[in-house]
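Report on the following structure.
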Amino acid sequence: MDENGSKESNKLKIEEEESDLKVEVWKYIFGFVEMAVIKCAIELKIGDTIESNGGSMTLSELSSSLNSSPLLLHRVLRFLVHRGIFKEEKATQSYSQTPMSRLLTTTGPNSLAPIHLLESSPAMVAPWHYLSACLKANDHENESQPFELAHGMDLWSYASANPSHNKLVNEAMACFARVVILPAVLQRCGEIFDGVGSLVDVGGGNGTCLSILVKACPWIKGINFDLPHVVSGSQEYEGVQHVGGNMFDSIPKADAAFIMEVLHDWDDEECIKILKNVKEAIPKKTGKVIIVEVVIDENEKISQLSDIRLMMDMIMMAHTIKGKERTNVEWANVLQKAGFSHYTITPTTSIQSVIQAFP
Ligand SMILES: C[S@@+](CC[C@H](N)C(=O)[O-])C[C@H]1O[C@@H](n2cnc3c(N)ncnc32)[C@H](O)[C@@H]1O
């Protein structure tokens, strides 16, 4: 090939690569479409309706049952079928559930719909528009935070002032605990609860998590500790006592403390303060704190789980004041400064690890 020929072939190769990359970028540009259409399907209860009608429905049955336009519904379903979320039988134009759509019904035992409804709610989407402004501010003394810029207050004050958002938050957290995290924790390290007579769940939300733990380990007397507006509306569970308070003031005493997906909402200084109060709440010689959180490994091979861990870190940046997902070194720092003498980290099959720390 002469020089001109080789230049031409290089140019074609670059153009081909760019064209593939453009498709990648289109996916990022329109990334919100998936979130929005899935939210629409959950709100319409498409999956629940198909499930309660024997698992398969024609377009006309579904549209009359949902009281929605068949033309619009067809387009929404065409998109969701293309994503593999529902299945379509072309000959009869009927739609059926898939394992994926079952995860997005509102009533399925393993439904993740509450988390989707929280993350796609206007209140949680608004802070993302302030992310770059926060990074540009570059003022560490008076860091402006995306959630505060969007709503004039932090997430927990916002939830306290808005009962419907409080419900969304608590249901999403309970779902995350029930469907995603606890099964993974109990599967990998259920024995950590052996011999624990009483357990305080710090920032335990509406108590769903502790109720599951107490059911799995009936010897445990559970204390569900969270902000007063969270526990006041919580359901009663056998073996679980709800206590309202502020973990920055003091934490009810117990043999061991459990703290799941709470410390990542706070900066190091606040974390140390919470952990010091946890340490006060457990016996010096025999006590332990069981922390369930993401541990970021910056050298980890790229995988779907590592990707979700990094997404969680971005969510912490958008939704909390100074929260973050921590690396092993960052965990060591806060635990040591809070006065814990040693700790162990056990990965689970989910994105979180179990960190056990001892006074
Ligand atoms: C991300 S949620 C985790 C809930 C629960 N541990 C779970 O994983 O399902 C954080 C929890 O911390 C609680 N929280 C926030 N500030 C608190 C405080 N000052 N004292 C006690 N709980 C607090 C919130 O109300 C919320 O329930």
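Counting begins at 1 with the first residue of the sequence. When a ligand or atom number is given, it counts from 1 through the structure's own listing order. Keep in mind it's a predicted model, so treat the numbers as computed, not measured. What's counted below: heavy atoms across the whole structure, side chains too, no hydrogens, waters or symmetry copies.
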Using a cut-off of under 3.5 Å, which N/O atoms of ligand 1 pair up with protein N/O atoms, and what distance separates each pair?
from     : atom 1 : to     : atom 2 : distance (Å)
ligand 1 : 6 (N)  : Gly203 : O      : 2.8
ligand 1 : 6 (N)  : Met260 : O      : 2.8
ligand 1 : 8 (O)  : Met260 : O      : 3.3
ligand 1 : 9 (O)  : Met173 : O      : 3.1
ligand 1 : 19 (N) : Asn246 : OD1    : 2.9
ligand 1 : 20 (N) : Met247 : N      : 3.0
ligand 1 : 25 (O) : Asp226 : OD1    : 2.6
ligand 1 : 27 (O) : Asp226 : OD2    : 2.7

Output a table of donor-acceptor pairs, distance under 3.5 Å, between side-chain atoms of residues 33-45 and any protein atom two or more places apart or on a different chain; print 'none' if there are none.
from  : atom 1 : to     : atom 2 : distance (Å)
Glu34 : OE2    : Arg83  : NE     : 2.7
Glu34 : OE2    : Arg83  : NH2    : 3.3
Lys39 : NZ     : Ser120 : O      : 3.1

Taken in chain and number order and not counting sequence neighbours, the residues that satisfy side-chain contact (heavy atoms from CB on, under 4.5 Å) with Ile212 are Arg178, Leu182, Thr208

State, without any angle test, whether Tyr343 and Asn328 hold a side-chain donor-acceptor pair at a distance under 3.5 Å.
-> yes

For this output row, return yes or no: ring centroids of Trp266 and Phe248 closer than 6.0 angstrom.
-> yes

Qualifying residues under side-chain contact (heavy atoms from CB on, under 4.5 Å), relative to Lys167, sequence neighbours excluded = Glu171

Please tell me if the side chains of Gln356 and Ile291 come closer than 4.5 Å, counting only heavy atoms from C-beta onward.
-> no

